[in-house]
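In what follows, a single structure is set out as structure tokens and then discussed.
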Amino acid sequence: MSCFNLTGYQPESLLYNRDLSFNDLISPEYREVLWNEWQRILPERKPFKFEYEIITATGEKKWVLEMGQGIYNDNGEVEALEGIILDISDRKAIEDALKYNYEHDRWTGLYNRDYLVSLLKKDAVRKKQSKKALIGINLSMIHVLAAKYGFQYSQNLVKKTAETLSQYCAENRILFYTHEQRFVFYILNYKDKDELLDFSNTIADTLGSLFAMERIGGGIGVLEIEPSQSELDIDLVLRRLLLASEKSISMSARDFEISFYNEELEAMVDRERDIVKAMNDIAAGNSTNDELFLLYQPIIDLRSGALFGFEALARLRTGKFGMVSPMEFIPIAEKTKLILPLGEKVIIQAFRFFSRLKEIGYDKISVSINISIVQLLSPDFTDRLLELMDRMQVDKSNVGIEITESVFTSDYENINNNICKLRESGILIAIDDFGTGYSSLARVKGLTVDCIKIDKYFIDKLLNTDISKAITDDIISIVHKLGCFTIAEGVEHESQLQYLKEHGCDMIQGYLISRPLNEDDAIRFLADCFLKNKAMEE
Ligand code: C2E
Ligand code: MG
Ligand code: MG
């Protein structure tokens, strides 16, 4: 390429710096750097290679590559430079496009996770003294909408969110789309925690109105990056930010809550990790101080006053924490799928209890086992359960399984098929915690079950002064109309028992009758019941 084509100047006007020097063509921001580089390299008598921008005669900027070396006089002083200058604008344009793709998310046009990581790494060194924080916005609830309205719908919402959040970008506030349905603001040089909280509240309000129609929420996590001596562990920083945003989601499904990352949260995560480890050891049969066992809570038939059976309730005792509530470990086991091996252990222990009962002559006592949706959805669960019952010679009509209402939100067809198969074999199916979750009476009607367990919430309502407002009696009669029998859960007071009797509830379970018992106590309870009933009959 000729000098004119590249610069817009004839070579004569540049020769011997006649009209202007080549240095004048170099875009001003590069001049000092280049000058310093020449100063450094030329005394070493090495060739040099620089990339910079020039400004042509028409004012256009062009990228050039300069390769050259010095010409030295006898004293070793530089007299001139010789070399070539190439137009690399096309190459630079491609490089820029590649860089853009490397640093940006295609869908939202925002910076991506890779760029955030590289920026955090750079700033950890470059801006050591600056206050730095991350605000993570987690919209993982969008997957519910994706399942309902399709992928495109949720993707468009993500785009809309990106546009909305972009309004809040500023010089010290950069927005990233780091992962599917997750955004991060990187904030530099903020004043204090209050400023972060104010900003997070603004974001929460904005997103709250953006998602009002969709009736979903999300989580906002805030993490202040502490200045540290050692190298910044960026994976750890981002994992902590995610933890904080997930904690916010667990606080409320509808709104946008805000959680600051702190050590308490870390402790929670550590505890969860230890519980997972204990459950893993139990599942693998490793000998540790951790133990999974069952307690049995009696269920009484209100009409006859006789013992109908027991509900098997899992207990976890770990060497580190002692007793861990099922409300804590069951959701973790479900999340990690450890519920599959642990659930099987529960089933086997319950079946052993059956054998024990049979041995001592009680062969009409029912035992119901709580089954998680994860188990029900596992393809070989039903066959495995039926096989275990045959192998352990358990009378199927004595076995009950309890499933929570969350089954209504999942793969309904598949679940209903599995339930039908179990029911046909004679197993009793109960819907647990009825009335608290996603129940739709239409769905219950479509689902073939035998029993509805009315949640403690509706039993507690019976203690209110204005009992006429309780709808517990309506629930009982609707359930009867659907052809199912009712068990009231969590009965603690005589007055509740009386109401339930009067309104035709079939069975009850609760502390008023008994707390969950270990095997020996359960058998003693059973024997007492038999004696009492016999005495009443006589
Ligand atoms: P659930 O199946 O609804 O069990 C009833 C819960 O209410 C039990 O809590 C029981 O101890 C408690 N309860 C019973 N009567 C009363 C009462 O009068 N007052 C009060 N305040 N509470 C009462 P627990 O044992 O802590 O179990 C909690 C939940 O954990 C169970 O609720 C069940 O959903 C789940 N769970 C327990 N064992 C298993 C299991 O083996 N597998 C699965 N998937 N879930 C289980
Ligand atoms: Mg239950
Ligand atoms: Mg329940």
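The shown structure was predicted, so the numbers you read here are calculated from the model rather than taken from an experiment. We count ligands from 1, going down the list as the structure has it; atoms in each ligand are counted the same way.
Taking every non-hydrogen atom of G510 and a distance limit under 4.0 Å, the qualifying atoms of ligand 1 come out as 15 (N), 18 (O). Atoms of ligand 1 found under 4.0 Å from any heavy atom of P516 (numbered from 1 in listed order, with element): 11 (O). Of all atoms in ligand 1, numbered sequentially from 1 with element shown, those under 4.0 Å from a heavy atom of D433 are 3 (O). Listed by number with element, the atoms of ligand 1 under 4.0 angstrom from any heavy atom of M327 are 28 (C), 29 (C). Residue V346 approaches ligand 1 through these ligand atoms, each under 4.0 Å from one of its heavy atoms: 41 (O). Annotation for ligand 1: atoms under 4.0 Å from non-hydrogen atoms of I330 are 39 (C), 40 (C), 42 (N), 43 (C), 45 (N), 46 (C).
A salt bridge links D506 with R303; the closest basic N to acidic carboxylate O contact falls under 4.0 Å. Salt-bridge check for D474 with K481: failed, with every basic side-chain N at 4.0 Å or more from each acidic carboxylate O. Salt bridge status for K159 with D105: absent, with no side-chain N to carboxylate O gap under 4.0 Å. Ion pairing of R352 with E519 is absent here, as no side-chain N (NZ or NE/NH1/NH2) approaches a carboxylate O to less than 4.0 Å.
Among F434, Y511, F329, the residue whose heavy atom lies nearest to atom 23 (C) of ligand 1 is Y511. When the heavy atoms of L313, I373, L294 are ranked by distance to atom 8 (C) of ligand 1, first place goes to L313. Between L376, D432, T404, it is D432 that holds the heavy atom closest to atom 2 (O) of ligand 1.
Contact annotation for atom 25 (O) of ligand 1: protein present (non-hydrogen atoms, distance under 4.0 Å). Put simply, atom 41 (O) of ligand 1 has protein non-hydrogen atoms near it, under 4.0 Å away. The presence of a protein heavy atom under 4.0 Å from atom 32 (O) of ligand 1 is ruled out.
Heavy atoms of Q297 found under 4.0 angstrom from ligand 1 belong exclusively to the side chain. Contact annotation for Q509 and ligand 1: no heavy atom of the residue comes within less than 4.0 Å of the ligand. With a heavy-atom cut-off of 4.0 Å, A314 touches ligand 1 through backbone and side chain alike. Within the 4.0 Å heavy-atom criterion, the part of V491 lying near ligand 1 is the backbone and not the side chain. At a heavy-atom cutoff of 4.0 Å, ligand 1 is contacted by the side chain of R315 but not by its backbone. With a 4.0 Å cut-off on non-hydrogen atoms, E489 touches ligand 1 through its side chain and not its backbone.
In this structure, CD1 on I330 lies 7.5 Å from OG on S372, to the nearest 0.5 angstrom. Residue R240 holds its CZ atom at 7.5 Å from CG of L223, rounded to the nearest 0.5 Å.
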Subject >> Steps toward side-chain contact (heavy atoms from CB on, under 4.5 Å) verdict (I258, I135) >> reply: CA-CA 10 Å; I258 299 159; I135 295 185; over 6 Å; no
**OP:** Would you please test I249 and S140 for side-chain contact (heavy atoms from CB on, under 4.5 Å) and show each step?
**Re:** CA-CA 9 Å; I249 292 183; S140 59; 3.4 Å; yes
**OP:** Give the intermediate values and the outcome of side-chain contact (heavy atoms from CB on, under 4.5 Å) for residues Q297 and I513.
**Re:** CA-CA 9 Å; Q297 189 174 32; I513 308 296; over 6 Å; no
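Closest to atom 27 (O) of ligand 1, if we only count protein heavy atoms, is P326 CG, 3.4 Å.
In terms of distance to the Mg ion (ligand 3), the nearest N, O or S atom of D432 is named OD1. The nearest N/O/S atom of E311 to the Mg ion (ligand 2) is OE2. Atom OD1 is the N/O/S atom of D433 found closest to the Mg ion (ligand 3).
The shortest non-hydrogen separation linking G305 to I300 is O-CG2, 3.9 Å.
Look at K456 and you'll find a heavy atom under 4.0 Å from some atom of ligand 1. Proximity of E311 to ligand 1 is established by a heavy-atom distance of less than 4.0 Å.
Not a single N or O atom of Q375, backbone or side chain, sits closer than 3.5 Å to an N or O atom of ligand 1. Below 3.5 Å of separation, one finds an N or O of E492 facing an N or O of ligand 1. Looking at ligand 1, you won't find any N or O of S325 less than 3.5 Å from one of its N or O atoms.
Applying side-chain contact (heavy atoms from CB on, under 4.5 Å) to R273 and the options V276, V269, D270 leaves one that passes, D270. When the options I487, I508, L307 are evaluated for a side-chain contact (heavy atoms from CB on, under 4.5 Å) with I299, the one that passes is I487.
The neighbour count for N289 CG, taken as heavy atoms of other residues, nucleotides or ligands under 6.0 Å away, does not exceed 12.
Residue E402: an N/O/S atom is found under 2.8 Å from the Mg ion (ligand 2). Residue contact annotation: N370 places an N/O/S atom under 2.8 Å from the Mg ion (ligand 2). The nearest N, O or S atom of E489 is not closer to the Mg ion (ligand 2) than 2.8 Å.
Side-chain atoms of T318 and D290 include no donor-acceptor pair closer than 3.5 Å. Side chain to side chain, Q393 and K358 fail the donor-acceptor criterion of an N or O pair below 3.5 Å. With hydrogens and angles left out, the side-chain atoms of D521 and Y296 include no donor and acceptor closer than 3.5 Å.
Using a 4.5 Å heavy-atom threshold, the side chains of F185 and I137 count as touching.
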